[in-house]
A.B. asks: 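Here you go, one structure.
As the structure lists them, so they are numbered: ligands from 1, and atoms in each ligand from 1.
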Amino acid sequence: MYVDSHCHIDFEDLAAQGEALFERMAAARVSHAVCIGVNLENIERVLTLARSRSNLFATVGVHPEHTEGEEPDQARLEALAADPKVIAIGETGLDYYWHKDRPEWQRERFRTHIRAARACGKPLVIHTRDSSEDVIRILAEEQAQEVGGVMHCFTENLAVAHAAMDLGFYISFSGIVTFKNAAQIKDVAASIPLERILIETDSPYLAPVPHRGKMNEPSYVPHVAAEVARLRGISVEALAAATTANFFQLFRAAAPNQAAAC
Ligand SMILES: [Zn+2]
Ligand SMILES: [Zn+2]
């Protein structure tokens with residue numbers, strides 16, 4: 001069984017698929033998926049979706065690319081995260097690729113998310129783009145190792161992976177690892193400890209080979225698993241079992257029953 005640790009199935013095109021999406025997930029042996037919150041405007045949709053199925057979880061946070069709209073303070077994040085279906089705070093982090101302006105504001109908002117995660121004892125889902133140095137520094141300064149989390153859609157180098165793992169974080173690979181030109185990411189996937197690896201789709205974006213360029217969905221996560229397994233020279237079954245166990249290890253406080261069921 002596989003877990004898609006990061007998807008956006010509340011987004012319009014995926015939400016429009018209805019039951020068929022979950023049927024394809026089951027057929028592909030994807031047992032669980034995490035629907036990621038990206039702003040306060042979509043959070044009710046994310047929570048409603050997660051509550052509607054036992055194999056879906058949710059997260060609460062404001063994506064670094066989301067720079068307008070309502071801004072939650074720490075108390076608001078904590079209140080939303082109290083929902084039993086919420087297993088993490090995020091996605092949060094820093095994105096200096098799309099947003100070079102107001103970096104200090106981005107960093108303050110990131111700190112607010114880390115403080116909320118520590119206050120409610122739930123891990124973090126981290127997005128980083130052109131910002132890994134500041135992300136690692138702020139995680140350390142804010143003692144994020146107390147809750148840990150996941151570096152989602154990992155595209156950094158091995159040194160960044162180790163710095164994150166030193167803070168208790170897991171490394172999640174998306175469909176990018178299946179792309180031909182992703183040499184650095186393939187190297188990381190081949191060499192970090194198996195017990196720190198998660199897999200994800202980040203759907204509807206970044207569909208893995210052989211679906212590259214199409215709309216992505218949770219049922220494609222086995223393609224990510226197959227590539228990471230190939231790079232490591234292990235069976236896809238072993239990779240699936242390890243990443244599923246890792247997922248429930250990281251989120252054990254928030255998803256204990258499901259861990260038992262697996
Ligand atoms: Zn992201
Ligand atoms: Zn995402």
A.B. asks: Could you please give the number of protein N/O/S atoms within less than 2.8 Å of the Zn ion (ligand 2)?
C.D. replies: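 For the Zn ion (ligand 2), the figure is 4.
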A.B. asks: So for atom CD, which belongs to E133, do other residues, nucleotides or ligands contribute more than 12 heavy atoms lying within a distance under 6.0 Å?
C.D. replies: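 Not buried by this count: 12 neighbours or fewer within 6.0 Å.
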A.B. asks: Measuring from atom CD of E91 to atom CD of E65, what distance do you get when rounded to the nearest 0.5 angstrom?
C.D. replies: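 If I round to the nearest 0.5 Å, the distance is 8.0 Å.
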A.B. asks: For D134, run the salt bridge (charged side-chain N to carboxylate O under 4.0 Å, His left out) check against R107, R129, R111 and tell me which one passes.
C.D. replies: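 Of all the options given, the one that passes is R107.
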A.B. asks: Between E70 and R76, is there a side-chain N and carboxylate O pair less than 4.0 Å apart?
C.D. replies: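 Looking at E70 and R76, the cut-off is met.
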A.B. asks: Suppose we screen for ring pair (Phe, Tyr, Trp, His ring centres under 6.0 Å). Which residues come up paired with Y220, at least two apart in sequence or across chains?
C.D. replies: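 Y220: ring pair (Phe, Tyr, Trp, His ring centres under 6.0 Å) contacts with H211.
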A.B. asks: Please identify which of these residues, H8, H6, H63, meets the ring-ring contact (aromatic ring centres under 6.0 Å, His included) condition with H127.
C.D. replies: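 In the set H8, H6, H63, the residue that makes a ring-ring contact (aromatic ring centres under 6.0 Å, His included) with H127 is H63.
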